[in-house]
Enquirer: 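After the structure tokens below, expect a handful of questions from me.
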Amino acid sequence: MWNLPRWMVRLCVMTLFGAGPVAAEETLVRCFLVDARVHVAVVSSSAGPEGELVWRDTVTGESGGAPFTALGDRLMLRGVASGPVVARLLPDLAIVLEHPPWDRESRGPSLGIALN
């Protein structure tokens with residue numbers, strides 16, 4: 001049986017230890033609940049504007065991820081099959097995704113609230 005909280009904890013722990021003891025940068029993980037069903041984690045480091053956005057739809061069970069480049073408070077996701085995705089990050093408050101990658105039919109923005 002798949003357990004979402006356990007998966008999110010593993011994701012956070014793997015992110016923290018995945019870089020190994022050589023890395024001096026700090027990894028920042030921010031978690032959000034989007035559209036009342038999708039858990040989203042924004043994983044970034046203090047070393048630069050690059051990071052990864054990962055998601056898990058709790059209704060359909062689908063999950064995925066995409067690398068991003070941060071431009072101020074905007075995250076420009078790359079390699080998403082549904083087309084260009086821009087996320088606006090409001091630190092410690094919310095995330096707004098234009099054309100969320102888990103919903104190919106969505107034409108409007110999706111709002112997520114911060115969980116941490």
Enquirer: Suppose we screen for side chain to side chain donor-acceptor pair (under 3.5 Å). Which residues come up paired with Arg74, at least two apart in sequence or across chains?
Expert: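 For Arg74 there are no side chain to side chain donor-acceptor pair (under 3.5 Å) partners, ignoring immediate neighbours.
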
Enquirer: Taking everything shown except Asn116 itself, do over 12 heavy atoms lie less than 6.0 Å from its CG?
Expert: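 Check passes, neighbour count above 12.
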
Enquirer: Considering all heavy atoms of both residues, which atom of His99 and which atom of Val85 are nearest to each other, and what is their separation?
Expert: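 Smallest heavy-atom distance, with atoms named: O-CG2, 3.2 Å.
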
Enquirer: Which heavy atom of Leu77 sits nearest to which heavy atom of Val80, and what is that distance?
Expert: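 Smallest heavy-atom distance, with atoms named: CB-CG2, 4.0 Å.
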
Enquirer: Would you please test Val42 and Phe68 for side-chain contact (heavy atoms from CB on, under 4.5 Å) and show each step?
Expert: CA-CA 9 Å; Val42 177; Phe68 68 79; 3.8 Å; yes

Enquirer: Specify the closest pair of heavy atoms between Gly108 and Pro100, including all atoms of both residues, with the distance to one decimal.
Expert: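 Taking Gly108 first and Pro100 second, the nearest heavy atoms are O-CD, 3.9 Å.
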
Enquirer: Testing the basics here: between Val34 and Ser110, what is the closest heavy-atom pair and its distance to 0.1 Å?
Expert: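 Val34 and Ser110 have their closest heavy atoms at CG1-CB, 3.7 Å.
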
Enquirer: For the pair Arg30 and Ile95, evaluate side-chain contact (heavy atoms from CB on, under 4.5 Å) and give the outcome as yes or no after the intermediate values.
Expert: CA-CA 10 Å; Arg30 293 176 226 144; Ile95 189 170; over 6 Å; no

Enquirer: Between the side chains of Glu50 and Thr69, does any donor sit under 3.5 Å from an acceptor?
Expert: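 Glu50 vs Thr69: donor-acceptor pair found between side chains.
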
Enquirer: Report yes if some heavy atom in the side chain of Arg56 is under 4.5 Å from a heavy atom in the side chain of Val38; otherwise report no.
Expert: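 Result no, sub-4.5 Å side-chain heavy-atom pair not found.
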
Enquirer: Minimum heavy-atom separation for Thr58 and Arg37, please, with both atom names.
Expert: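 Answer, listing the atom of Thr58 first, then Arg37: OG1-O, 2.6 Å.
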
Enquirer: First locate atom CG of Leu53, then atom CZ of Phe32, and finally report the distance between them rounded to the nearest 0.5 Å.
Expert: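 One gets 9.0 Å once the value is rounded to the nearest 0.5 Å.
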
Enquirer: Just how far is it from atom CG of Leu28 to atom OG of Ser44, taken to the nearest 0.5 Å?
Expert: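 Going from CG on Leu28 over to OG on Ser44, the span is 4.5 Å.
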
Enquirer: Which residues pass the side chain to side chain donor-acceptor pair (under 3.5 Å) test with Glu62, sequence neighbours left out?
Expert: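 With neighbours one apart ignored, the set is empty.
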
Enquirer: Is any side-chain heavy atom of Asp35 less than 4.5 Å from a side-chain heavy atom of Trp102?
Expert: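 A side-chain contact exists here, since the closest heavy-atom pair is under 4.5 Å.
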
